Amino acid sequence: MSSDAASGDDASVGGIIDVESTESFNEAIAENDQVVVDYFADWCVPCKQQTPILEELSGTIDAPVLGVDTDEHNGLAAEAGVRSIPTVAVYRDGEEVERFVGVTGADKIRAALE
């Protein structure tokens, strides 16, 4: 259940939007008041634990949840200073305002959006 982050789809219906490019990432950050970004890798076991939490959360918040595969988009991860995965970052008005490293519960992420 994913779509291109640049498509403008409403992510509040649930699901993580796969980031396809730096441009789509930047557009999603710029076009939304708040964005949750999951930096992950397919081989990362804790990332696999984080994914269902974010999928469920995405259906209950008014912010898109972007998924950045750090193997495919290591430039984005490096630019964001991501050193460990999973890392979940909350962006507000184009700026990162909160960061969680390791598996993080939906309540903590939701609180960062309020």
Side-chain angles (χ1 to χ4, degrees):
M1 183 187 261
S2 64
S3 61
D4 182 9
S7 68
D9 290 343
D10 182 3
S12 65
V13 296
I16 299 171
I17 302 167
D18 295 325
V19 169
E20 301 295 331
S21 67
T22 300
E23 294 76 24
S24 67
F25 176 85
N26 290 334
E27 285 178 25
I29 297 294
E31 292 174 358
N32 293 281
D33 294 335
Q34 296 189 109
V35 180
V36 176
V37 180
D38 175 31
Y39 295 93
F40 73 97
D42 287 336
W43 50 263
C44 167
V45 173
C47 298
K48 293 177 189 294
Q49 296 170 325
Q50 185 69 65
T51 298
I53 294 167
L54 292 171
E55 287 175 341
E56 182 178 332
L57 178 69
S58 70
T60 66
I61 60 174
D62 188 26
V65 178
L66 305 181
V68 176
D69 184 328
T70 57
D71 287 335
E72 289 182 27
H73 303 289
N74 55 8
L76 277 173
E79 187 177 314
V82 173
R83 297 201 161 136
S84 298
I85 51 175
T87 291
V88 175
V90 175
Y91 290 79
R92 184 174 299 122
D93 299 323
E95 301 293 325
E96 183 179 322
V97 295
E98 189 82 51
R99 177 176 289 208
F100 305 98
V101 178
V103 178
T104 305
D107 290 343
K108 281 188 173 182
I109 300 166
R110 190 177 289 107
L113 292 166
E114 294 175 356

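As the structure is a computational prediction, the values presented were derived from the model and not from experiment.
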Within the 4.5 Å heavy-atom criterion, are [X] and [Y] side-chain neighbours or not?
X: D42; Y: D71; answer: no
X: D18; Y: E72; answer: no
X: V88; Y: V65; answer: no
X: V37; Y: F25; answer: yes

Got more than 12 heavy atoms from elsewhere within 6.0 Å of CD, E96?
yes
Considering residues, nucleotides and ligands other than E56, do more than 12 of their heavy atoms fall under 6.0 Å from its CD?
no
Measuring from [X]:[atom1] to [Y]:[atom2], what's the distance to the nearest 0.5 Å?
X: D93; Y: N32; atom1: CG; atom2: CG; answer: 10.5 Å
X: R99; Y: S84; atom1: CZ; atom2: OG; answer: 10.0 Å
X: E114; Y: I61; atom1: CD; atom2: CD1; answer: 10.5 Å
X: D69; Y: E20; atom1: CG; atom2: CD; answer: 10.5 Å
X: Y39; Y: N74; atom1: OH; atom2: CG; answer: 12.5 Å

Partner of L76 under side chain to side chain contact (heavy atoms under 4.5 Å, CB included), picked from T22, V82, T70, is T22
Between the side chain of Q50 and the main-chain N/O of T104, is any donor-acceptor distance below 3.5 Å?
yes
Donor-acceptor under 3.5 Å (R92 side chain, A112 main chain)
yes
Only counting residues at least two apart or in another chain, list the ones meeting salt bridge (charged side-chain N to carboxylate O under 4.0 Å, His left out) with R110.
D107
Just do the side chain to side chain contact (heavy atoms under 4.5 Å, CB included) check on F100 and V36 with the steps written out, would you?
CA-CA 11 Å; F100 305 98; V36 176; over 6 Å; no
Please tell me whether [X] and [Y] are part of a single hydrophobic cluster in this structure, the criterion being side-chain heavy atoms less than 4.5 Å apart.
X: I16; Y: L113; answer: yes
X: V101; Y: W43; answer: no
X: I53; Y: I85; answer: no
X: L54; Y: F40; answer: no

Might you point out which heavy atoms bring [X] and [Y] nearest each other, and give the distance in Å?
X: S58; Y: G15; answer: OG-N, 2.5 Å
X: V35; Y: A28; answer: CG2-O, 3.6 Å
X: P46; Y: P86; answer: CB-CD, 3.6 Å

